[in-house]
Engineer: 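This structure is in structure tokens; I'll ask about it shortly.
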2 protein chains.
Amino acid sequence: MDARRNNILKEIVETFIKTAKPVGSKALCDKFNLSSATIRNEMAVLEELGYLEKNHVSSGRVPSEAGYRYYVEHLMEAEKITGSDMLKLQKIFASGELELSDAINKCMEIISDITNYTSVVLGKNSKDNNLLQVSIIAINPTQVVAVVCTDKGNVENKMFNIGDSININELIKTSEIINKMLAGTPIDEVSVRLESDVKPIIKRQIKQYETVYNIFYDAFNDFVAGSSIHIAGRNNIFNQPEYNNISELKRLANKLDDTALIEKVAEDDNDENEIKIFIGDESEFDPNVTIIRKKYHINGEEGTIAVIGPKRMDYQRIVSLLEYIDEKLDSRKDENGK
Amino acid sequence: MDARRNNILKEIVETFIKTAKPVGSKALCDKFNLSSATIRNEMAVLEELGYLEKNHVSSGRVPSEAGYRYYVEHLMEAEKITGSDMLKLQKIFASGELELSDAINKCMEIISDITNYTSVVLGKNSKDNNLLQVSIIAINPTQVVAVVCTDKGNVENKMFNIGDSININELIKTSEIINKMLAGTPIDEVSVRLESDVKPIIKRQIKQYETVYNIFYDAFNDFVAGSSIHIAGRNNIFNQPEYNNISELKRLANKLDDTALIEKVAEDDNDENEIKIFIGDESEFDPNVTIIRKKYHINGEEGTIAVIGPKRMDYQRIVSLLEYIDEKLDSRKDENGK
DNA sequence: ATTTAGCACTGTTGGAAAATGAGTGCTAAA
DNA sequence: TTTAGCACTCATTTTCCAACAGTGCTAAAT
């Protein structure tokens, strides 16, 4: 891989990113002051090496997954975000009015709009949250709401209908017991300790302890399940020329609707704070897309932002956009964690 | 419109609903023991009347919007829900474990799955909710959560970063004042009365009253905005044969992503409790779909469930399914509003 | 007065054949 | 090493044609 070959590969990847059409030898003649035949020879080598592919024997070349990977690792220049892109994002942070999580959503919406890719924001993994308190609010004689609050400020609530059998005061009493015993417990351990530690206690003090126990159990269980997904520009990616056939389009649309699958985007936790790029089969999501992802941490809340595009995605641009957002989030965190 | 003509129209609509292919005269010969020529004559009349259309001069007939409307109003037989459909829905209500709003979502998901249409559940219009109480929970010295609870059991919460300037006790004191003064106030009037009634009071008692006021204002404002949309089987409708071309598919996909547009499905409040059918242009949503919708009220919470399908939708089936759900919801409400 | 058989006509659909064109690999000369 | 030239391949587009489903109309039959 001498310099010229690198440059040719780089050029091919980048023009394919731009045009979405297989690139032929003639297209590069001018750029390199070489004849098409020479370029063809180089292309043949690059294909041999596994970086390029052909759709059929007489078509132009298309980067393979290995080609993109090589491009991303060795060829891509770390460009700064462009002025106009920055301008659009700046507005969001400038006002400072938005809550941070809303600001993130908004950012990803803008990124989706200007790039025609789809973004996801995965938040509130509720890991690292500890129980602060649970309160019972009586709505009326037969309905109560249990409000669970963590030390990271996440709140979840659930309404229950209690028959005549349960006295509201017993619920409140139980909530106080729970608060005394379990405050500070990691939220995903609460249901376990509720059973092992609290249940025996209330068994002695509360008449309908079984029902009461179930209510709190449900309330906590709901909390653990809670994790938020926000998809921005869900259909934008379909404007990419690769989605010009129905079955492909439907396939991806269904994946974007599959919560469990989307959540996997945040998995694989090595090199936590780096921007990670998953090209095609490198992620479980879909062999035909690239996912570029960054994790963020604000006030102990952890989340992931990711952009989903075709493999022929504008890597440079997305990386620089995500870096910019991360920078901004960092600075806001210091100044005012709102 | 004599009986025979009605029957022919009915037959045409129903076979088109089944097959999605324009129906020709021959297809009806056997059903009516008439020659194709006679059927053709009748069809010509029905076309004259505006109930049928042709795609081109020598194609079979397709119901027009007016045709569907006529069918729905005069021809469609109110059939009972089929046994197998009922079975699938029964399971949801049988266990009784699910919270009612979850049960509704689940129902619509099942309906979407068995019919290949898309459903929406619009909930928590927060109209008719009155303030029960607002509480302040201190997370740590600089962060608090405001929890707003209504008499219908809806809860909303919002975290705030308070600088050193604000004393948490002042917030708690203010919350007590608000509870005393505004409990019972319709939730969408609270922010107004907060300004007119409460602000003057706290001005005298609270040092940083301007900031404190803003916090509560934000908390209540968030509440009013909250209304939930759940889309079930978002992509199912794309399995309908009418969505065999990309642009049509994208167009609808974008509409299903347009929150404001979806919310309009619940608008137009006459005959509140009837199942309403919007065929094509009859709704603002999209000229090429039919929307069948039903409002529900449970414990004062109001919501809308709707099924979105092609105009060639199985009207009978959807109507009977929605009726069944409504029935079930009604009975659950009486027995136990959970 | 209806109903029907018969016929000419129309537009869709699908496939085969042909033309076009972009791009390749290879060879031999520069 | 590079390049001009040539034969070849395969996707794409266009054209043409046949088959087909269905119509409207007319004239005869019931």
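Any value given below was found using the heavy atoms of this structure, including those in side chains, with hydrogens, waters and symmetry copies removed. Order of the sequence lines sets the chain letters (A, B, ...), proteins ahead of strands, with each chain counted from 1.
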Engineer: Tell me whether the side-chain N/O atoms of A:Ser25 come closer than 4.0 Å to OP1 or OP2 in C:dT24.
Structural biologist: yes

Engineer: Applying the Watson-Crick and G-U wobble criteria at under 3.5 Å, what pairs with C:dG15? Answer none if nothing qualifies.
Structural biologist: D:dC16

Engineer: Give the rounded distance in Å between these two atoms: NZ of B:Lys26 and C1' of C:dA5.
Structural biologist: 13 Å

Engineer: Keeping A:Asn245 on the side-chain end and A:Glu248 on the backbone end, is there a donor-acceptor pair under 3.5 Å?
Structural biologist: yes

Engineer: Do any pairs count as a side chain to side chain donor-acceptor pair (under 3.5 Å) and have a residue in residues 15-25 of chain B, sequence neighbours left out, and if so which ones?
Structural biologist: B:Ser25-B:Arg40

Engineer: Is a side-chain N or O of B:Glu65 found less than 3.5 angstrom from the main chain of B:Asp281, in a donor-acceptor match?
Structural biologist: yes

Engineer: Can you check whether any acceptor in the base of D:dT9 is under 3.5 Å from a donor in the side chain of A:Ser58, or vice versa?
Structural biologist: yes

Engineer: Taking B:Ala306's backbone N and O only, do any of them form a donor-acceptor pair with B:Lys294's side chain (distance below 3.5 Å, no angle check)?
Structural biologist: no

Engineer: Any sub-3.5 Å donor-acceptor pair from A:Lys250's side-chain atoms to B:Phe238's backbone N or O?
Structural biologist: yes

Engineer: With a 4.0 Å cutoff (strictly under), does any side-chain N or O of B:Arg61 reach OP1 or OP2 of D:dG22?
Structural biologist: no

Engineer: Using a 4.0 Å cut-off on heavy atoms, which residues in residues 27-56 of chain A reach DNA chain C? List them by number, or say none.
Structural biologist: A:Arg40, A:Met43, A:Lys54

Engineer: Across all strands shown, which nucleotide pairs with C:dA29 by Watson-Crick or G-U wobble geometry, both distances under 3.5 Å?
Structural biologist: D:dT2

Engineer: What is the distance, to the nearest angstrom, from the NZ atom on A:Lys21 to the P atom on C:dG21?
Structural biologist: 17 Å

Engineer: Output yes when a side-chain donor or acceptor of A:Lys295 lies under 3.5 Å from a complementary backbone atom of A:Ala266, and no otherwise.
Structural biologist: yes

